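Worksheet: one structure, shown below.
Labels below follow one simple rule: chain letters A, B, ... track the order of the sequence lines, proteins then strands, and each chain is numbered from 1. A quick note: this is a predicted structure, and the numbers were derived from the prediction, not measured.
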Amino acid sequence: MASLLGRFCRKLVVPGSANGSRMVSTTACDSEAVKSLNLYSAINQALHIALETDPRSYVFGEDVGFGGVFRCTTGLAERFGKNRVFNTPLCEQGIVGFGIGLAAMGNRAVVEIQFADYIYPAFDQIVNEAAKFRYRSGNQFNCGGLTIRAPYGAVGHGGHYHSQSPEAFFCHVPGIKVVIPRSPREAKGLLLSSIRDPNPVVFFEPKWLYRQAVEEVPEHDYMIPLSQAEIIRQGSDITLVGWGAQLTVMEQACLDAEKEGISCELIDLKTLLPWDKETVEASVKKTGRLLKLFISGVNLSGFFLIIGLTIRAPYGAVGHGGHYHSQSPEAFFCHVPGIKVVIPRSPREAKGLLLSSIRDPNSVVFFEPKWLYRQAVEEVPEHDYMIPLSEAEVIREDNDITLVGWGVQLTVMEQACLDVEKVSALYYFNSKIIDLKSQLPWDKETVEASVKKAGMLLILDAIKPIVNY
Amino acid sequence: MVQHLKSSSSKSILLNVLRHNLGFSSPNHASRHLRQNLPHGPLSTRVSPNPVTRLCNTMVDTLSSIGSHEDANSQVMDFPGGKVSFTPQIHFISESNEERVPCYRVLDDNGQQLTNSRFVPVSEEVAVKMYSDMVTLQIMDNIFYEAQRQGRLSFYATAFGGEAINIASAAALSPQYFIFPQYREPGVLLWRGFTLQEFANQCFGNKSDYGKGRQMPVHYGSNKLNYFTLPNAVDAAYSLKMVGKDACAVTFFGDGGSSEGDFHAALNFTAVMEAPVLFICRNNGWAISTPTSDQFRSDGVVVKGRAYGIRSIRVDGNDALAMYSAVHEAREMAVREHRPILIEALTYRVGHHSTSDDSTRYRSADEIEWWNKARNPLSRFRTWVESNGWWNDESESDLRSRIKKEMLEAIRVAEKTEKPILNHMFSDVYDVPPLNLREQELLVRQAIKSHPQDYPSDVPL
């Protein structure tokens, strides 16, 4: 990926514009006044407009007063005053917490996190406070006026902490929206929509494009709707879905593929959560193939934690735990290269897997299904034994469909299999259950072998009483 | 050296000559060394056999002291952050003061007003309402706790021991002040007019619960009473300041909560932003099973205010009058001067952490009993109220039997009321439900149709 980025560093063709193949466009019409702007200038314009049109809006974060490290907030403090545009202490949890409170009082808070790599101290505020504010208060309160902006993505020389693409973590959080623009014109419209949307939004800006991407951007106040994907290139053989900076690369890939006779349909998702399923589905129905590309993961696996740390945490719903005692956060950790994620299904499994985890030289996050702490009783060998990590186990052998699960839901799945067997006895619908045990790294071979045999696969996530994406 | 010379060149040269003769490298070093070498103390009683040495010593001493005084002044420097004077002494600020920060109180252990106490006077009406609400809170807690033990409630957390903090602070605030509570402050809502029925509805999670049945019991919230469901006070306060409202934000937390990063972030931000916030810490000695000795090593929470540039006070949290006065004064300062104030209310958590906890497993039953009997906030305040002729045994028994009846009725009604409708599981995640949630609701409804036996019968569709 880095080499690809290098190739395109010099001259950037903004996806969807130069080749004139944009079929479905929701931006301004051409008769309005436009100006050639790069990404940070377009964002700056959007912020000026936002502050101008709503006297109860604020912009703050580290170093935004003088214009910001990427110049996105240039001129705002001078124009709107230090009471509305100001620097904050170096504390992301405080910055976002402050923004939530302002928004809760009916203001618009446009908060800047200097680099997406630093957003994690604010993760609790975003996931446990902002996302749940409206729901937990029964809609008596909300912090919809909150927008969190952060530059994200690799630029080649950024290293571990100026290059991350953490959008995936946030896509598992109902209650917030996640938006990523691909170009200056898109950024201005999407940012204004995000600021004005009555839900908290996390807005990632592809820092690589801050100066590199230049486009004609209408000067007036316009908005691009959220949760609407755009087909920026029509095709018939395969659907490609992407967002942000990688669309530039993907468009080049489409051109290359065309030379080989492959017609690609390229979709810019724009809003990752909630995402426009209809547009993507319609396209896949047409082409029959889907390829989703995201920038993180492959080249950024430089993380490794040298200490063999094991973190144990009770997880999962018990029925009366409410919001903060029922979450199933294992999905977040599956996006972090360099650690292992393990979830046992029963007492005997737990002892063996925990001993393996502790003795494994890598850092392990070990989730214990709290519902089973007392409920599940089993014969457990008293001696010291280990159950290998990253080896899935087929706990119920059969032919028609493969079910994959872990932890507490296996109990439910086993019951479900028996139920199904009873009902569809005529059809001999027999289900195999695989306990994955280690979610990361996971035992792909066992699952693959099973799916080859059965032909159908169903992966079951935890039973969540509250909505799941 | 350079600065030394700058102060007075002739004097310095002389000093240098003396020093050179006596063999020392710095004026202070010289004088100190000289003094230490002589067993007798001050200059005047020093006797040296050699008159030249004697003269030199005297001159060095005198000049050194003048020189060092001048030098220190001239060495006050403007680092970023302001002027700071230097000191040649290597001195570490002690990790704690020799004496702990004293605790403000008005009533003694027996409820008698201390003779030299200063406090904000409280009218009969307010005092009686304060005491009545403290009793109501105690009874409400008792009955809900029992209901949980009987299996009628899934969970409950009492505020036993914290009645004075709850009610007195609420009484000292205006209704337009925004409260950002933790979970042991239902008394604040009670003071503002939340009814026993409304409390019960939330605990039972029925359709009349303003939270639409989504939260665990005890997580109350009321828009109309300006009582948020959880904390984000700092920023709310900034908002109030910006709109020019005569109001402040108030947030509550415990000794355990003060270890969270949020607490430190909030204090720092609020000081920098000059936002009117009252930070009220209920230091009740325990965070579940963790005593304060395992929570922090500072002198409680009050000393942390100064570290952030915040005015602070330590109060006897079991003294209703002291709490009232402290919060009253604090709120005036906060609103008038646009500044945060930190109040550490010392108290004791008489109850268990919650119904999922049995605190006799980590502390002695005797200790709990002592605080419950000897240091009870209700009895102390009652003594004072009665001494003013505003309360008596009859009022007490009337109140208690009335509240008990009301509570039992509230529970009976709340238990029978329907649960919130299925749709409320999916609404309010966003302002408008997106496609995936609408689809999910449809799936759930289909599953209910095909497997009705697996669906709870008391949740209306």
Q: Please flag which part of I95(A) lies under 4.5 Å from any non-hydrogen atom of chain B: side chain, backbone, both or neither.
A: both
Q: Counting only heavy atoms closer than 4.5 Å, note whether H424(B) contacts chain A via side chain, backbone, both or neither.
A: backbone
Q) Measuring from S137(A):OG to H219(B):NE2, what's the distance to the nearest 0.5 Å? A) 13.0 Å
(Q) Restricting to non-hydrogen atoms, name the atom on A265(B) and the atom on Q93(A) that form the minimum distance, rounded to 0.1 Å. (A) CB-CG, 3.9 Å
Q) Is there side-chain contact between R214(B) and R136(A), with at least one heavy-atom pair below 4.5 Å? A) no
Q. What are the two closest non-hydrogen atoms of D431(B) and P198(A), and how far apart are they?
A. OD2-CG, 2.8 Å
Q: Kindly compute the distance separating CZ (F141(A)) from CZ (F178(B)), expressed to the nearest 0.5 Å.
A: 8.0 Å
Q. Does M273(B) reach the side chain of P89(A), with side-chain heavy atoms less than 4.5 Å apart?
A. yes
Q) Near R306(B) CZ, under 6.0 Å, is it more than 12 heavy atoms from other residues, nucleotides or ligands? A) no
(Q) Contact between D262(B) and Q125(A) at the side-chain level, heavy atoms closer than 4.5 Å - yes or no? (A) yes
(Q) With rounding to the nearest 0.5 angstrom, report the OG to CG distance, S227(A) to L435(B). (A) 9.5 Å
Q. Take atom CD in E52(A); do more than 12 heavy atoms of anything else shown fall under 6.0 Å from it?
A. yes
Q) In terms of heavy-atom proximity below 4.5 Å to chain A, should E439(B) be classed as side chain, backbone, both, or neither? A) side chain
Q) For the candidates P420(B), P434(B), G213(B), G261(B), which exhibits the highest count of non-hydrogen atom pairs separated by less than 4.5 Å from chain A? A) G261(B)
Q. For N139(A), is it the side chain, the backbone, both, or neither that has a heavy atom closer than 4.5 Å to a heavy atom of chain B?
A. both
Q: Applying side chain to side chain contact (heavy atoms under 4.5 Å, CB included), run through Y135(A) and Q215(B) and close with a yes or a no.
A: CA-CA 9 Å; Y135(A) 190 79; Q215(B) 293 239 51; over 6 Å; no
Side-chain donor-acceptor contacts of residues 446-461 of chain B below 3.5 Å, not counting sequence neighbours, with atom names and distances?
residue, atom, partner, partner atom, Å
S450(B), OG, Q446(B), O, 3.2
S450(B), OG, A447(B), O, 3.2

**Q.** Least distance between heavy atoms, A104(A) atom then F228(B) atom
**A.** CB-CE2, 3.8 Å
(Q) Taking the cut-offs as 6.0 angstrom to the six-membered ring centre and 45 degrees off its axis, would you call R134(A) and Y430(B) a cation-pi pair? (A) no
